[in-house]
Structure formats: C-alpha cells, structure tokens
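Have a look at the structure below before the remarks.
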There are 2 protein chains.
Amino acid sequence: MGASLDLAVSTVILALLPGTAAGCGDETLQLHLPLVRRTREPFDGRWALPGGWVTPDERLSSAARRTLAETTGLRPSYLEQLYTFGAPHRSPTGRVVSVVYTALVRAPEAAAVEVGENVRWAPADRLPDTVGELAFDHAEIVDYALWRLRTKVGYAAIAQHFLAEVFTLAELRGVHEAVLGKSLDPANFRRSVAASGAVEATDEVRAGAAHRPARLYRAVLPPGGATGGYPPWQSRPELG
Amino acid sequence: MGASLDLAVSTVILALLPGTAAGCGDETLQLHLPLVRRTREPFDGRWALPGGWVTPDERLSSAARRTLAETTGLRPSYLEQLYTFGAPHRSPTGRVVSVVYTALVRAPEAAAVEVGENVRWAPADRLPDTVGELAFDHAEIVDYALWRLRTKVGYAAIAQHFLAEVFTLAELRGVHEAVLGKSLDPANFRRSVAASGAVEATDEVRAGAAHRPARLYRAVLPPGGATGGYPPWQSRPELG
DNA sequence: GGAATAGTGTCTTTCAGACATTATACG
DNA sequence: CGTATAATGTCTGAAAGACACTATTCC
C-alpha cells in the first residue's frame, strides 16, 4: 500500500533566555532553540533540529515529546504541530517526510539542559552567524516556526508557556516584547491582556524590588468552557 | 530507520454550489465537498475523502493533486496543507499517517465532476444527514477544514478562488456570506475589501441586470512584492 | 524624600458596523 | 417612471496607540 519512505518528527523548541548575543550585555531576553550536532552522514557535523523516527504505536505528538526528551532532556510546556515537510530530496539519503512540531519551554527547564559537544542553544534569529548552515531544510523550518509564533502571539494566549505558573504583567509583556522584537506600551498592554480574559489576578504580589510590588497573575485556560472558538482541538488532550 | 507505516494524502475539496438542502429553494450558495465511496474494507460502503498513497518521488502537494484528480477529475484553484493526522488507530488495518490538504475549486469545474454510484457531492455542514458517518476520522478532518476556512477568510484573500478571474464585489461578498453563514453589509464589505488591497478594479462592468451594472474586479496576488507578511511560502510555488 | 516601576485616566486615531443617500442600469 | 442593485456618505461605538498622571514600594 504505502510507499517506501521514512516518517520522522522534528521539533523547533523555543525558550526565552538572556541574550548572549554581541551587543546585548543587558537582561535582554532572546528566543533560543536547542540544536543537536549530527554525528553521521548526511550533514555530518552540522547542527540540526532535535528529532527522530516515529514508532508504529505512538501518536505523532508523543513521538515529538519522546525524541526531544531523548536528545535534550526537555519536557515542553506547550506542543503544537507546525507543518509537514516532505519534498522528495530534502534528505540526500532517501525520501524522508518530517512532521514538525513547535515546543515552548520555560527558562528554568531550558537551563537544565546539559549542553555539550553535540547539544547547544543558539539564538533563533542569528543561526547562520552562530552555528553555520543547518542540516537539511531546517533553517527554513525554523523561519516558519518563528513566523507562526510571532503571528500567533498576537491573537492566542501562548506567551505564558514561557513563564512560571504565576507571573507579573511586566514579565508577560517582556515575553511579548522579546518575541515580537519591539517594545510595548505597559498601559496598553495591561488593558489588552485584561480585556482578552487570558489571565486572572491572584491575591499575591511580587515584592522585593525598589518600587511598588506587582500583582501576580495566572493564565486562565479556555475562555469559556468550550474551545473558545479556536482550533477544534488544541484544547482537548491532543489529536491525531 | 523509519517505522513500518503507510503515508497517505487526503484532501478536503470545497466548492460553493447552489444549496440543494431542504428549505433552500433559492439561489443560496452552500459549501459542498466531493466524497468517494469505499469499495473495500475497512469501512466498505462508507463515504470518505478523496485521497491515496504518496509515491516515493512526488512532493506531498503533488500527491494531493494527483489523487484528487484520479478520484474526482478536479484540478483545484487553491491547495494548502491543512494538518497531519496520525493517531495510532485511525485505521483498523494498521498504522496510517495522513497528510491532509484543503482545496478550493470553482463552481464550473465542480459541475464537471462525473457524479456516480461512488462519487458524490455533499453539503459540508450536513454530512451525517446526507451521507451518514464518514469513514475513518474524516468527519473530524472536515470540521477542522471548515473551521480553518472560516477563520482564514477573515484575514486572507482566498475567497476569490471560488470565483472566476474577474468578479463583482457582490459575487465576492456572496462567497464570504456562504462561507461564514451570515449576511454582510454591502457597503462595509466593499470598504474593507478595498482597504485590504486584495482586489483591483478592471475597466469592465457586468451589465444585463435590471439595475446599475457592477464593476468587475480582479484578485491582486501578493500585496507588496514579497510575501505580504504572511506565510513565508504559500506565495512561492510550494514547499515542503 | 528620591528613584523606579505598578497601575490609572484620557485623548486621538482607526476601524467595524448600522444605515441613509445618491447613481445608473432595465423594463 | 418604478424597481433593483451599485456605489458613496455619515454616524456611532469599540479597540489600539500615545502619553500624562497617580500609587506604592525600597533605599
């Protein structure tokens, strides 16, 4: 029946880490992703997205979770199917179709990744400068994942997956600013987030800084009780 | 390397046809899709989405075009990857991963489809009433395709793919109304379409009706010259 | 009190929606 | 001339952006 081809999953894992880039001496947050170095042909020595083969009995999202855990040890706070890439000559070794996922991880988990000779974090916007050309068509895949995150953050509540369970609005705004690459007006950001109903105030504050303490908020999952009008699943466990 | 599984493509083909549904005696346009009847197990006798297996040397989108042409004879004016479904037990006969595409076809082409014992058009919103339960998870897939079309028609210029090369704004509005299932204010629709830059006026009009002739418009492809800020490809030939 | 950020108020612009009005065809 | 739709004008309310202002904490 089916053709003789190999089905893989790859994941664009994104985390917000302090900008290690040149000229960013400050606390600037920057999108980073973990890459793994290939240790065999094709593209031996080049950096690539974490991934692996799909086994017969697991769902695609489970394969994504498993392979990214195996290669990086990470467990994402958010996982979403991005796109399926299957051009005939993506891989020089034969036909490979890759179902690509996007994952978001929080900074503490990201920091726990054991970086080594064959695993490293790289700033998502400056991949060629830092790690050279990626293997396969992975550079294109990363570009698409970034485009989608940047557009989606405008209408869906996903930025919180970069943060802890409770967070201040300034922290949430920092995430948006880092993702979009521009600064946002604190007052207007506060209003639009409040109006969206995506967060609810807790009765706690974050004190300790040299200014008025900030209230802590928590993400509120689906607006209504149904899917909120967005993807039919994505709020259900997963689908496949 | 890869697991032993079968890779298929299926396509949700959508056309706007006069509503044949009960209670719709008028010119009401309604979203329809062609279904094919299965002639073997599993789901023998049930209706299913057109599709087939991916061959080793064709891109996924080509496989979608080929299989939908083979089963229905259609050649779509628009084709876009929707989602990849791969739950372990979607098919009782073994692991099947389906890359699903959405296609839009114009009414004249749709009318040319040879309907028969094993091919028919069905109204997209009333599938259970007209054709019973679809095979596999195809009902869920159709729901998702409809959801995506309805959300996308709000921000992307895709409704024109249901129309001929030139069209009046009333025709374009009729498409939007049929897709969204609600009527739109002609004046406001005209303004928003003009502001989007998605259409340009020709110097021709459509006369012959008992009222002032309507100007004909043509779709203008990518707003600027680049991708217009939307998916990195989707304006390029195809990718993946 | 000074510095710094949290949080509010307000003005303007933009845009969607409701709806009135004018324009131009056919019969 | 009547009718029907094309196309334009205008008003209103909601939301986004710019920015002034008040509130509260640490030092």
Side-chain angles (χ1 to χ4, degrees), chain A residues 26-29 150-157 159 163-164 166-218 223 228-229, chain B residues 26-29 150-157 159 163 166-218 223 229:
Chain A
D26 294 355
E27 278 276 318
T28 322
L29 290 177
R150 285 175 175 139
T151 60
K152 194 158 186 171
V153 84
Y155 66 87
L163 298 171
V166 294
F167 47 84
T168 68
L169 291 187
E171 289 166 350
L172 186 62
R173 176 168 52 87
V175 171
H176 280 249
E177 289 176 336
V179 168
L180 299 176
K182 65 177 182 185
S183 59
L184 301 169
D185 183 289
N188 297 332
F189 181 81
R190 170 182 302 272
R191 255 188 298 269
S192 66
V193 168
S196 76
V199 299
E200 64 181 6
T202 68
D203 50 4
E204 292 175 279
V205 293
R206 168 119 58 224
H211 55 79
R212 173 175 172 178
R215 182 157 300 276
L216 288 170
Y217 290 80
R218 189 195 330 273
Chain B
D26 294 356
E27 277 276 318
T28 322
L29 291 176
R150 286 177 174 137
T151 58
K152 193 160 187 171
V153 85
Y155 66 87
L163 298 171
V166 295
F167 47 84
T168 68
L169 292 186
E171 290 167 350
L172 186 62
R173 176 168 52 87
V175 172
H176 281 249
E177 289 177 337
V179 168
L180 299 175
K182 65 178 181 184
S183 59
L184 302 170
D185 183 288
N188 297 331
F189 180 80
R190 171 181 303 272
R191 256 189 298 271
S192 67
V193 168
S196 76
V199 299
E200 64 182 3
T202 69
D203 49 6
E204 291 176 279
V205 294
R206 167 119 59 222
H211 55 80
R212 173 174 172 179
R215 182 158 299 278
L216 289 170
Y217 290 80
R218 188 197 328 276

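All chains are named by letter (A, B, ...) in the order of the sequence lines, taking the proteins before the strands, and each is independently numbered beginning at 1.
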### Separation of atom CG in B/Leu184 from atom C1' in D/dT5, rounded to whole Å
17 Å
## Note on the structure
Reading nucleotides 6-13 of chain D from 5' to 3' and marking B where a protein heavy atom lies under 4.0 Å of the base, S where only the sugar-phosphate is that close, and - otherwise, the string is BSBBB---
### Message
Tell me the interatomic distance from A/Leu172, atom CG, to C/dT5, atom C1', rounded to whole angstroms.
### Response
17 Å
### Message
If you define the side chain from C-beta out and look only at heavy atoms, does anything of B/Phe167 sit under 4.5 Å from B/Val175?
### Response
no
### Query
Do the non-hydrogen side-chain atoms of A/Glu204 and A/Val166 ever get within less than 4.5 Å of each other?
no
### Message
Can you confirm whether A/Tyr217 sits close enough to A/Leu169 that some side-chain heavy atom of one is under 4.5 Å from a side-chain heavy atom of the other?
### Response
yes
## Note on the structure
Rounded to whole Å, CD of A/Glu177 lies from C1' of C/dT5 at a distance of 14 Å
### Query
What does B/Ala209 touch in the nucleic acid at a heavy-atom separation under 4.0 angstrom: a base, only the sugar-phosphate, or nothing?
sugar-phosphate
### Task
Take A/His176 and A/Val153 through the test side-chain contact (heavy atoms from CB on, under 4.5 Å) and record every step on the way to the result.
CA-CA 7 Å; A/His176 280 249; A/Val153 84; 3.7 Å; yes
### Task
Return the value, rounded to whole Å, for the distance between atom CZ of A/Phe189 and atom P of D/dA16.
12 Å
### Message
Output the rounded distance in Å from NE2 (A/His176) to P (D/dA16).
### Response
13 Å
### Query
Given the rule in the side-chain contact (heavy atoms from CB on, under 4.5 Å) test, do B/Val205 and B/Leu216 qualify, once you have shown the distances and angles that lead to the verdict?
CA-CA 5 Å; B/Val205 294; B/Leu216 289 170; 5.7 Å; no
### B/Glu171/B/Arg206 ion pair, N-O < 4.0 Å
yes
